[in-house]
2 protein chains.
Amino acid sequence: MATTVKDVATMAGISASTVSRVLNGSSHVSQSTREKVMRAVEVLNYSPNTLAQGLKGGNSRVIGLIMPYIGTSITNYATCGVEQAARERGYTVMLCNTNESLLSEKEHVELLIKRGVDGIIFATVTKSLAHQDHIRTVFESGLPVVNMIRRMKAGSQVPTVTIDNYQCGYDVAEEVIRQGGRHVVIVEQQATFYLYDERVDGCVDALQNCGIKPVILSSATEISAYLASGAALDHVIAVNDSVAAKTITSIVRAGKCVPQDIGVFGFGDLEISRLYNPSISTVKQPFTEVGNQACHLLIDKIENPTLEQEREILLQGELIVRESSR
Amino acid sequence: MATTVKDVATMAGISASTVSRVLNGSSHVSQSTREKVMRAVEVLNYSPNTLAQGLKGGNSRVIGLIMPYIGTSITNYATCGVEQAARERGYTVMLCNTNESLLSEKEHVELLIKRGVDGIIFATVTKSLAHQDHIRTVFESGLPVVNMIRRMKAGSQVPTVTIDNYQCGYDVAEEVIRQGGRHVVIVEQQATFYLYDERVDGCVDALQNCGIKPVILSSATEISAYLASGAALDHVIAVNDSVAAKTITSIVRAGKCVPQDIGVFGFGDLEISRLYNPSISTVKQPFTEVGNQACHLLIDKIENPTLEQEREILLQGELIVRESSR
DNA sequence: CTGAAAGCGCTTACAG
DNA sequence: CTGAAAGCGCTTACAG
């Protein structure tokens with residue numbers, strides 16, 4: 001049904017081999033046959049079957065993307081970035097969702113290999129150091145692999161693209177200090193990820209450099225009790241924008257004003273930080289760019305296997321001061 | 001490098017054909033050879049190369065998913081739903097992002113066909129009736145196709161899974177009336193989609209049935225001027241949750257209270273509607289379910305080509321009343 | 001510069 | 001019940 005090399009060859013009056021050569025521009029072909037082929041390709045609207053190309057051992061031009069969850073904006077933007085870079089370079093993305101399941105992540109790896117992908121991008125579910133053998137195995141097999149968003153274990157050879165969350169935390173804390181912060185609370189969230197830990201570490205270090213020891217609460221709901229206790233408080237740094245929003249609500253309901261009484265910061269620059277009233281000061285996280293770079297890194301390796309890859313790419317966030325602070 | 005049928009055949013001491021038969025369970029095979037094969041498969045950890053399977057004319061077990069934009073929660077949830085259903089049934093998703101470009105949508109169709117997908121799911125970018133020929137062409141070629149989220153032109157044969165936005169609008173307006181609404185404003189948004197139009201239509205019809213004629217504003221920023229004009233207003237229905245949030249901010253800044261002075265409703269049940277202060281009354285939209293059903297519809301057709309498909313599946317929303325109303 | 005042949009890994013009539 | 005052969009569409013040494 002679809003047109004094949006054979007059809008083109010017949011129409012051009014030459015062999016299939018030569019058609020293939022013209023299309024892949026490998027060896028030298030005479031100008032006249034090249035033109036004949038191109039004309040036939042044009043007329044028949046021919047385009048090679050990638051399945052067959054992939055089977056033949058060439059690149060399948062498909063990369064696997066294994067995400068922990070797709071319904072969240074971080075992974076979303078990263079997915080978007082990967083897809084965009086892949087398309088630019090002529091690759092297609094196979095999307096896998098592990099729902100934060102390690103088992104599922106492992107299964108997806110096997111599936112993707114079976115599907116003949118040229119490489120795999122992870123945003124690995126594991127922060128546990130012990131459970132990344134499946135990734136290392138793939139890496140060592142020579143199949144190009146890039147990890148993004150979430151760090152892997154220290155000493156891992158797998159190239160990783162991520163955001164410098166420690167620095168983001170450090171920047172926020174410095175801004176807090178600039179605004180005169182003395183009594184600072186950091187609000188975490190139940191499910192903690194590396195990236196939250198890193199943000200918190202950055203905050204704590206920056207604050208301690210100025211002699212401030214922050215109080216750490218493990219969820220936004222604890223803010224009410226903290227305020228009720230009468231403890232001094234002038235700034236809150238929440239581990240992400242959603243938590244910041246919840247925190248502001250708690251503060252306002254306790255009868256305090258944001259930012260007049262208490263300044264609040266989040267991380268992420270999600271839609272909510274712009275829409276919330278008051279709008280939320282935050283650190284913008286370039287996740288689309290993370291996806292983009294991860295994909296380019298992967299394809300570079302695919303197309304040039306001997307390439308020495310960068311071990312780690314750290315992207316910087318951008319402090320955005322809005323109404324919820326100062 | 002990877003193990004093939006041949007390896008299994010050699011190990012089991014039989015032919016490749018028979019191995020294939022055992023694995024595909026087609027014709028009858030003796031119990032003893034079946035066992036030999038299974039044992040070899042086990043030992044070699046064999047799993048067939050899907051590229052070769054696809055090339056051979058069987059199902060490639062890959063479906064194409066063409067989304068207009070991935071960085072937004074609606075399409076996100078739908079993507080999630082598709083991926084989930086696909087995985088359950090042994091299919092893999094190729095993700096395409098058109099960025100709302102019709103040209104790109106057309107290119108993706110060709111790409112996916114070339115990639116040998118078994119079927120394609122769209123959330124088509126066009127609401128223009130004139131520009132869906134590429135989809136119709138595919139549909140008529142017999143390749144299974146399902147459209148979701150956004151309607152296609154009336155009379156289109158392409159099965160569509162979507163949310164009953166008209167009914168959602170109708171439900172919200174009825175709730176407004178139940179709450180004693182008399183002076184109602186509907187706030188739209190710049191980029192209007194079918195689904196927004198449908199919501200508005202539902203609202204307008206329900207209100208008019210009760211003798212209420214709503215005022216329609218084209219963006220949340222107009223609410224300030226409207227309030228300043230001194231016009232009576234007791235309820236606002238915004239075309240989605242983000243617009244509802246902006247509307248509330250405008251109302252509050254104009255010195256009015258939500259919901260005491262003015263009740264506000266949105267659509268979507270996005271994260272923001274829970275986090276906003278006050279939390280926003282809305283209609284929950286089951287987009288994950290939309291993706292899910294679209295995918296099942298597609299795979300049903302793939303696996304049973306003679307199947308008579310439903311032309312349209314309409315999913316219902318769910319009214320959620322929160323603090324921003326009554 | 002170009003063609004015939006072999007092969008990627010699989011499946012499926014066609015024979016036995 | 002099972003095997004040998006052909007073929008899916010392509011590419012790539014191997015000859016000329």
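Convention: sequence-line order gives letters A, B, ...; per-chain numbering from 1. Since the model is a prediction, treat every value here as computed from it, not as a measurement.
For K36(B) and dT2(D), the NZ to C1' distance is 11 Å, given to the nearest whole Å. Following rounding to the nearest Å, Q31(B) (CD) and dC1(D) (P) show an atom-to-atom distance of 11 Å. Look at CZ on R21(A): it is 10 Å from C1' on dA13(D), rounded to the nearest Å. Separating the CG atom of L23(A) from the C1' atom of dT12(D) is a distance of 15 Å, rounded to the nearest angstrom. For the pair Q53(A) CD and dC8(D) P, the computed distance is 17 Å after rounding to whole Å. Here dT11(D) presents its C1' atom at 15 Å from CD1 of I14(A), a figure rounded to the nearest Å. K6(A) places its NZ atom 8 Å from the C1' atom of dG7(D), with the value rounded to the nearest Å.
Under the side-chain contact (heavy atoms from CB on, under 4.5 Å) rule, C295(B) has a single partner from V93(B), I121(B), V146(B), L65(B), which is I121(B). Residue H134(B) is tested with E105(B), K106(B), E107(B) for a side-chain hydrogen bond (donor to acceptor under 3.5 Å, both in side chains); the sole match is E105(B).
Dashed line: the shortest gap from a side-chain N or O of S30(A) to OP1 or OP2 of dC1(C) is not under 4.0 Å. An OP1 or OP2 oxygen of dA4(D) is reached within less than 4.0 angstrom by no side-chain nitrogen or oxygen of S15(B). S20(B) has a side-chain polar atom (N or O) that falls below the 4.0 Å cut-off from OP1 or OP2 of dT11(C).
Across every strand in view, dG3(C) sits in a pair with dC14(D) that passes the Watson-Crick or G-U test at under 3.5 angstrom.
Distances from the side chain of V29(B) to the nucleotides dT2(C), dT2(D), dG9(C) place dT2(D) closest. With distances taken from any side-chain atom of V5(A) to the nucleotides dT12(C), dG9(D), dA4(C), the minimum falls on dG9(D). Between dT2(C), dT12(D), dA4(D), one nucleotide has an atom nearer to the side chain of T33(A) than all others, and that is dT2(C).
Side chain of T79(A) to backbone of T75(A): a donor-acceptor contact under 3.5 angstrom is found. Side chain of D7(B) to backbone of T4(B): a donor-acceptor contact under 3.5 angstrom is found. With hydrogens and angles disregarded, a donor-acceptor distance shorter than 3.5 Å links the side chain of T137(B) to the backbone of D133(B).
dT2(C) and dA6(C) have their P atoms separated by 23 Å, given to the nearest Å.
Counting any heavy atom pair closer than 4.0 Å across all strands shown, S17(B) reaches a base atom.
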